[in-house]
Amino acid sequence: MQTIQLLNMGSHSSQKNQFMPNPIKSVRGTRDLLPPETETWNVVESAVRALFRLYNFQEIRTPILEDLQLFQRSVGEETDIVSKEMFAWEDRARAQSEKGQWLALRPENTAGVVRAYIEHKMWERPGLQRVYYIGPQFRRERPQRGRYRQFYQIGAEVIGPSSAGSESPSVDAEVLEMLASLLDKLGIQGWTLELNSVGCAGDRLRYNEALQKALKDVVHKMCADCQRRAVTNPLRVLDCKVPEDQPIIEKLPRMSDYLDEPCRAHFAEVQKILTAVGVPFKLNNRLVRGLDYYTRTAFEFTHGALGAQNAVLGGGRYDGLSESLGGPQAPGIGFAIGEDRLVMTLQESSGTAARPADVYIAPLGAGMNLAAAQLARELRRQGVIVTLGDETFKLKKSLETASKTSARFALIVGENEVNSGQFALKNLGTGEQVSVAREGIAAKVK
Ligand code: AMP
């Protein structure tokens, strides 16, 4: 109450600033998406939904809030995401009879999808489950260009029993080809597909041992992060970007030398199909990705325009994830596109996708709002984008507003126009003005 009183006092006081509360700002690492930028987001989302349809993917919507354990058991407790970046808290019981629970804002969506797959016994549905999602994810990272604490991902998963073909390398190749088509369709040029195989669990165990052994003698010369990772998660040493560490990392053992025969054959087949369908790729044996659940094919699409945070999307196979969450055997593969970064890349290459109004209707004189509203309704029904002015505006002000808001045409609605059924239509680009009959307006402006 006291705050409200202060606020009211402030607005009437001559010393306004003394009582004005500080404006509340958005939380660090989150941001408002405003028009016209949101238009580009909509263009992206419409394009991906249409493409997912073509590849027969259907939408899944899982909650933003999940049980913390879900991420501990899938993404992995030793990963940066779970150990450092989660927004998690203990949600205390509201009644004695209720149990408290640790909750987390989802930092990624594959774990949620696989949880839903298990919870709803989706393996009982025929064939492979091909699902996609679009939504916010949360990680407490240090914010910078292209890196936010609330960011958006567009992702998809193909998952199902092996008998439905979920392990086939052709699924990996199909997903990668779909992604290449998506970036091409959006007009994003100059992307690079980086590809690796991180092998199966056994391969990784042997590779981790080899890495640990090799790191023992050199890790003291490396950065603090590498020293920590060498103990907790040696694979992540390969992610290090510190220039001084690079010559050391180059000499470390390579994952490709530790793949068993089935993993090697699987990876070779993925590459063969990609080559056959004409999707270019670059092998990168340092690409390990930050999440524990990945097996075999791992990939990223990068783009030069993004600077330091250059991965526009990433993904891979996760055979074994379902089992680790208490589900049946259900190999799968998926990816997540960073929508913030995708939009950034698009804006850099083609500017804003915002579409201005076709017509600004300028009602001229008292009582004309009514006729303007009728005309706006008629035009909108014919697919014309209309902004409606107000009868209290002078003609000069209406035309200025129309120009400033980038409307393509201004339509003047005065008493004479309404009575005669002939309207003055001004092209705001050329300045040309013509008289058009009511029925002809839509055709003229489209
Ligand atoms: P990940 O789930 O880490 O594999 O990330 C997949 C994609 O999500 C990345 O390639 C980025 O494009 C995007 N991404 C991940 N973290 C962030 C973040 N903090 N801010 C913006 N985009 C992100």
Side-chain angles (χ1 to χ4, degrees), residues 26-33 37 41 44-45 48 62 64 66 70-71 74-76 78-87 104-114 132-157 175-176 179-180 182-183 186 188 191-196 198 233 235-236 238-239 241 284 286-295 297-318 321 332-348:
S26 58
V27 172
R28 181 170 147 82
T30 70
R31 59 197 183 125
D32 301 305
L33 300 173
E37 191 187 339
W41 286 71
V44 165
E45 288 173 17
V48 298
T62 61
I64 286 167
E66 294 274 5
L70 173 65
F71 304 110
S74 54
V75 176
E78 294 305 335
T79 58
D80 285 353
I81 294 179
V82 172
S83 66
K84 297 199 282 198
E85 299 168 359
M86 291 261 274
F87 287 96
L105 294 182
R106 63 184 187 195
E108 60 96 55
N109 217 160
T110 300
V113 170
V114 176
Y132 77 89
Y133 58 84
I134 301 177
Q137 318 293 335
F138 303 83
R139 295 182 195 172
R140 196 190 279 110
E141 294 192 88
R142 195 169 53 78
Q144 64 181 82
R145 190 179 122 89
R147 195 206 269 162
Y148 310 98
R149 290 182 168 183
Q150 174 172 339
F151 59 100
Y152 294 80
Q153 284 186 336
I154 300 170
E157 316 290 346
V175 164
L176 289 165
L179 285 166
L182 174 65
L183 297 183
L186 287 171
I188 293 176
W191 51 261
T192 306
L193 162 57
E194 302 199 15
L195 198 60
N196 194 20
V198 295
N233 194 351
L235 270 182
R236 293 300 308 279
L238 304 181
D239 273 347
K241 301 271 174 0
N284 173 1
R286 279 180 56 178
L287 183 90
V288 288
R289 318 257 316 120
L291 292 70
D292 274 3
Y293 54 60
Y294 284 118
T295 53
T297 313
F299 57 86
E300 274 180 6
F301 281 72
T302 55
H303 195 274
L306 287 169
Q309 303 297 319
N310 69 350
V312 69
L313 71 92
R317 185 165 267 290
Y318 44 81
L321 175 57
I333 181 166
F335 62 83
I337 306 174
E339 195 176 357
D340 306 74
R341 294 188 196 168
L342 190 61
V343 167
M344 219 154 94
T345 315
L346 266 181
Q347 280 173 333
E348 238 130 88

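Order of appearance sets the numbers: ligands from 1, and atoms from 1 within every ligand. Fair warning: this is a prediction, and the values are worked out from it, not measured in the lab. In this chain, residues are counted from 1 in sequence order.
For ligand 1, the 4.0 Å heavy-atom shell contains residues R139, E141, G146, R147, Y148, F151, Q153, R289, A311, V312, L313, G314, A336, G338, R341.
Taking the six-membered ring for Trp and thresholds of 30 and 60 degrees, F301 and W191 have ring planes inclined between 30 and 60 degrees apart.
Legend: residues meeting salt bridge (Lys or Arg N to Asp or Glu O under 4.0 Å) with E85, ordered by chain and number and at least two apart, are absent. Shown here are the ring-ring contact (aromatic ring centres under 6.0 Å, His included) partners of F138, two or more places apart in sequence or in another chain: there are none. Residues forming a ring-ring contact (aromatic ring centres under 6.0 Å, His included) with Y132 (at least two apart in sequence, or on another chain): F52.
Taking 4.0 Å as the cut-off between side-chain N and carboxylate O, R145 and E348 count as a salt-bridged pair.
Looking only at atom types and distance, the side chain of N109 has a donor-acceptor partner in the side chain of T62 under 3.5 Å away.
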